[in-house]
Amino acid sequence: MLGLAGVVVALLAWHLVAMTSSGAAIISPLQTWTALMDAFATPAFWKSVGMTLVVAGQGFGLAIAVGVPTGILIGWSRLLGHATRVPLEFLKPIPPIVIMPSVILILGPTQDMAVFLIFYGCVMPIIYQTATGVKEVDPVAVETGRSYGMGRAEILYRIVFPSASAFIGTALRIAMPTALIVAVVAGLLGGGPGLGRDIFLAMSAGQYDYLYALVVVLGFLGLAVQFVEHRIEGRMLHWHTSYRTGV
Amino acid sequence: VNSSKLISRPLLVAIEVIVPVALVAFWWMASANSSNAYFPPLENIVGRFHALWIFEHFSTDILPSVGNLLLGFVMAAVMGVVFGTIFALITPLRDLFYPLVNFYRAIPIVAVIPLFVALLGFGNEVRLLTIVLAAMPPTLIATLDGLRAIDPQVKEVSLVYRFTQAERLTRIYLPAAAPQIFSGLQVSLQFSFIVMIASEMLGASQGIGAMTLLAQQTFSSADMWAGVLLLGIIGFLANLALGAVRNRVLAWYDGAKQSALSY
């Protein structure tokens, strides 16, 4: 209830500031609302929203497909773990925006460029978290599996993977907002298709009301991603202690 | 848990050292006679790195960039901890602002940069302000969550011992929340770094990000790779420095965790 009051107060404050100051870039909440409604009526806007989600989804999906198996291998094999440690530790704190100029140079301002950057941004935390999860698997569980005559593949699939899934869940939770952020970065600074590029165009063209509307839209998209991420995680890990209710 | 217990420890350490060296050597040799415009010889990149950054553009581009990064991050960190603490202690304030903070946090951080640029222009202060505002929420939320997650018994004990409010906060509550605050700081640092580069790429004329993007747009690929390399090194070192601070401040926590595990 109080939260709603906070939103109302913020909107009123924004309105007052917009009313009392002058400047082309100062847009009131009502103007933003009008721009938002106008955008909703144009197919191009929806195409951009769709494109942003598609690009983010493609990069994210690719990152899962590559990152989870890679993480399991790196966590499972000491040899691979040590061989990849230094390169991974070096790349981990390096965000996609750093390599963006080189990726634009090679792939151009395209959808592929955006997908690759999102892939890179998401795959690092996924590999890292998955490998950590595999390393933390209870050795007794693995030995038990062995004494029940499970093969190596079966142990990986039936013991290691489920035990590490809480960590993989965390990885996906970190990676989902990253996918959206990088999709916007690739559009805004790299010229890739989607809402990011629209923001850049709105800024360059001085269409400030549309710029505000786009930022608001991205806020709601971010909230939607948070919501989906919680639902998926809750569904996948309903058996895990930190998600169980009413124990 | 692992399948290769037979490999000895020294061999593993040797592999850990050899692989990165081999990768760089491979890059050097494979690119040595490269005439591919996208992948110039590593030798040229290192040469350009030396010519550009040591030290011709050091004071004009590196210093402003790194200065913004450090100052912006520190301001964001302090404000994040302060506001997080205020929200944790004063429940009505938290209820009032939490949905707003949450919405603001949901906006992909770089999307707000054009808004600030449109409102305030391209000045250096704007870049700094953008870093602070983008990097604050993760620390704020981590501080809030960390303080709220403190065991109620710890609070009761601290009351029984008659600590003053200030003492409870600085000597019990904040240290107890510190592990979580540091994970928030790590994200804040990452955001500061991203926004530092992004704000330079978006129409600034100075800074490493601006220079690197300009090199890409003019197809000076060796200059561009030199910029990417420098940015990578800065990101790596910044993270390393924060990690070192964390390990020092949280030595008691890591130690306690270790001894708890060895029971």
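So you know, we letter chains A, B, ... as the sequences are listed, proteins then strands, and number each from 1. If you're wondering where the values come from, they're calculated on a predicted model, not measured in any experiment.
Taking each heavy atom of A/I97 and B/I197 in turn, the nearest pair found is CG2-CD1, 3.8 Å. For A/P93 against B/G235, the heavy-atom pair with the smallest separation is CB-O, 4.0 Å. Residues B/Q190 and A/K92 approach most closely at NE2-O, 4.3 Å, considering heavy atoms. Summarising the geometry of B/F219 relative to A/L105, their closest heavy-atom pair is CD2-CD1, 3.6 Å, with the distance given to 0.1 Å.
Atom CG of B/L240 sits about 9.5 Å away from atom CD of A/E89, to the nearest 0.5 Å. A distance of 7.5 Å separates CG in A/L79 from CG in B/L11, rounded to the nearest 0.5 Å. Note: B/L231 CG to A/I94 CD1 = 9.0 Å, rounded to the nearest 0.5 Å. Within the model, atoms CG of A/L80 and CD1 of B/I15 stand 9.5 Å from one another, a figure rounded to the nearest 0.5 Å. Rounding to the nearest 0.5 Å gives a distance of 5.5 Å between CD of A/Q226 and CZ of B/R105.
Contact count versus chain B (heavy atoms, under 4.5 Å) is highest, among A/P101, A/G6, A/G222, for A/P101. Note on B/V187, B/L115, B/I208, B/L213: by heavy-atom pairs under 4.5 Å with chain A, the leading option is B/L115. With chain B as the partner, the residue from A/L189, A/I199, A/V7 showing the most heavy-atom pairs under 4.5 Å is A/L189. Most heavy-atom pairs under 4.5 Å with chain B: of the set A/I106, A/V9, A/L4, this distinction falls to A/I106. In terms of heavy-atom pairs under 4.5 Å with chain B, the best-connected choice from A/I99, A/L180, A/I104 is A/I104. Here B/N239 is the residue among B/N239, B/L230, B/L189 with the most heavy-atom pairs under 4.5 Å with chain A.
Interface remark: B/Y38 contributes backbone and side-chain atoms alike to the contact with chain A (heavy atom separation under 4.5 Å). If you measure heavy-atom distances from A/F90 to chain B, the contacts under 4.5 Å come from both the backbone and the side chain. Only the side chain of B/V117 comes within less than 4.5 Å of a heavy atom of chain A; its backbone N, CA, C and O stay farther away. With a 4.5 Å cut-off on non-hydrogen atoms, B/P99 touches chain A through its side chain but not through its backbone. Of the two parts of A/F200, only the side chain, counted from C-beta on, holds a non-hydrogen atom closer than 4.5 Å to a non-hydrogen atom of chain B. The contact between B/F39 and chain A is made entirely by side chain atoms (from C-beta outward), counting heavy-atom distances below 4.5 Å. Heavy atoms of A/P177 lying under 4.5 Å from chain B are absent altogether. Of the two parts of B/L23, only the side chain, counted from C-beta on, holds a non-hydrogen atom closer than 4.5 Å to a non-hydrogen atom of chain A. Heavy-atom distances place no part of B/F97 under 4.5 Å from chain A, backbone and side chain included.
Using a 4.5 Å heavy-atom threshold, the side chains of A/I181 and B/I109 count as touching. Residues B/F193 and A/V98 form a side-chain contact, since some pair of their non-hydrogen atoms from C-beta on lies under 4.5 Å apart. Using a 4.5 Å heavy-atom threshold, the side chains of A/M203 and B/L202 count as touching.
Taking a 6.0 Å sphere around CD of B/Q217, one finds it holds more than 12 heavy atoms contributed by other residues, nucleotides or ligands. No more than 12 heavy-atom neighbours from other residues, nucleotides or ligands sit within 6.0 angstrom of CZ on A/F161. Within a 6.0 Å radius of CH2 in A/W33, other residues, nucleotides and ligands contribute 12 heavy atoms or fewer. Within 6.0 Å of atom OH in A/Y128, 12 or fewer heavy atoms from other residues, nucleotides or ligands are found, so the atom counts as exposed in its surroundings.
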Chi angles and distances behind the side chain to side chain contact (heavy atoms under 4.5 Å, CB included) call for B/V19, A/V86: CA-CA 8 Å; B/V19 169; A/V86 175; over 6 Å; no

